[in-house]
Amino acid sequence: MTARLIDGKGAAAELRAKVAGEVRRLVAAHGLTPGLAVVLVGDNPASAAYVASKKKMSAQSGMLSFDHRLPGSVSEAELLALIAKLNGDPSIHGILVQLPLPPQIDANKVIEAVDPNKDVDGFHPLNAGRLLLGLPSLAPCTPLGCIKLARIVHPSLVGLEAVVVGRSNIVGKPLAQLLIGQNATVTVAHSKTRDIPMVCRRADLVVAAAGRAGLVRRDWIKPGATVIDVGINRVTDEGGRHRIVGDVAFAEVREVAGAITPVPGGVGPMTIACLLANTVKAACLSAGLPQPEL
Ligand code: NAD
């Protein structure tokens, strides 16, 4: 058996087209153009590439995009002052501070400084709490993307056995909450879990978000299960070439899974599309308009 490939690129393009349609509607009906501010501190090349891609995609969907680049030496106070300014700017509906931040800056303080209604990354404790309680919230983009990809294969996740490998605040934990919200039965496995292969083998849906290249092996997967690979790991092959691989040993797992996301071209593009969707939702929130179905 060879698993079906879940086309993250295609699904992301579809979602971006929906977002663009919603932006046109908001402009025409309410004179409201959603605006996204992206803050990049320092010159980490991976962060710069993500930011460039977010900026390009937001402009393509008809939103306004505001770029703020600060030197890696910027003080915490200067960054917090910029966030306060963006919080107070009515043309900005979404604020994203690209992580990681340099060591002189407390990332938690920065996350808490963002107005929760403009927190399109869904990292603010208020949004995390609302997600936990099942209240309307801005939820983190990568987990939202994972849910949308899983639902291509399983239109309903009700009763599904789901295992999330990884318990970070930005992927594993919020994903577990979203899956519970979809009525899946959720297990969170992590670096201290005993016998992870056994835990994963009972899953209908495995989401790997550990940041360990090729961690998930063929014998971890129940035949026919769906595998979503969040990992982005840079590895060097024997020829000295750099490649990006996921947390799943793709070639061998593909032989046993029912469906699988590729890396690249799976979760990554969906993350950015969900960021745009969150920005439209935040714009509606600010204007007291109903949330669009995105
Ligand atoms: P993180 O380092 O904050 O968390 C990793 C989690 O995995 C931890 O909870 C840890 O307990 C667990 N873990 C580590 N080693 C493990 C092991 N051997 N077995 C089981 N669990 C283990 O990472 P993160 O920020 O959650 O990101 C995870 C991966 O997803 C990274 O590769 C990251 O680059 C990628 N990522 C991708 C996107 C995207 O858009 N595709 C977005 C965010 C993160």
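We count ligands from 1, going down the list as the structure has it; atoms in each ligand are counted the same way.
- In terms of polar-atom proximity, Asp247 is not counted as a contact of ligand 1, lacking any N or O under 3.5 Å from an N or O of the ligand.
- A pairwise comparison of heavy atoms in Val97 and Asp121 identifies O-OD2, 4.2 Å as the closest pair.
- Counting heavy atoms from C-beta outward, Ile170 and Pro140 have side chains that stay 4.5 Å or more apart.
- For Ala189, the closest heavy-atom approach to ligand 1 does not fall below 4.0 Å.
- Residue-level proximity to ligand 1 for Thr193 is absent, since no heavy atom of it falls below 4.0 angstrom.
- Within a 6.0 Å sphere centred on CZ of Arg217, other residues, nucleotides and ligands contribute 12 heavy atoms or fewer.
- Looking only at distances, a side-chain donor or acceptor of Asp229 sits under 3.5 Å from a matching main-chain atom of Asp247.
- Contacts between Asn169 and ligand 1 below 4.0 angstrom, taking non-hydrogen atoms only, are absent altogether.
- Near Ala209, meaning under 4.0 Å from any of its heavy atoms, are these atoms of ligand 1: 5 (C), 6 (C), 7 (O), 28 (C).
- Between Val230, Val188, Thr142, it is Val230 that holds the heavy atom closest to atom 41 (N) of ligand 1.
- Enclosure of atom CG in Asp195 by more than 12 non-hydrogen atoms of other residues, nucleotides or ligands within 6.0 angstrom is indicated.
- Every atom of ligand 1 is numbered from 1 in the order shown, and the set under 4.0 Å from a heavy atom of Asn233 is 32 (O).
- Scanning Gly8, Gly211, Ser168, Ala210 for the heavy atom closest to atom 5 (C) of ligand 1 points to Ala210.
- In this structure, Gly172 does not count as a contact residue of ligand 1, since none of its heavy atoms falls inside 4.0 Å of the ligand.
- Surrounding NZ of Lys222 are more than 12 heavy atoms belonging to other residues, nucleotides or ligands, all under 6.0 Å away.
- Against a heavy-atom cut-off of under 4.0 Å, Ile196 is close to the following atoms of ligand 1: 19 (N), 20 (C).
- Counting protein heavy atoms under 4.0 angstrom from atom 18 (N) of ligand 1 gives one or more.
- When Val19, Thr33, Val27 are each tested for a side chain to side chain contact (heavy atoms under 4.5 Å, CB included) with Met63, only one passes: Val19.
- Taking every non-hydrogen atom of Gly166 and a distance limit under 4.0 Å, the qualifying atoms of ligand 1 come out as 6 (C), 7 (O), 9 (O), 12 (C).
- Between atom 34 (O) of ligand 1 and the options Val165, Ile170, Ile232, the minimum heavy-atom separation is to Ile232.
- Residue contacts with ligand 1 for His190 involve both N, CA, C or O and side-chain atoms from C-beta outward (heavy atoms, distance under 4.0 Å).
- Screening Ile95, Val120, Leu64 for a side chain to side chain contact (heavy atoms under 4.5 Å, CB included) involving Thr279 leaves a single residue, Val120.
- Using a 4.0 Å cut-off to heavy atoms of Arg212, the atoms of ligand 1 that qualify are 14 (C), 15 (N).
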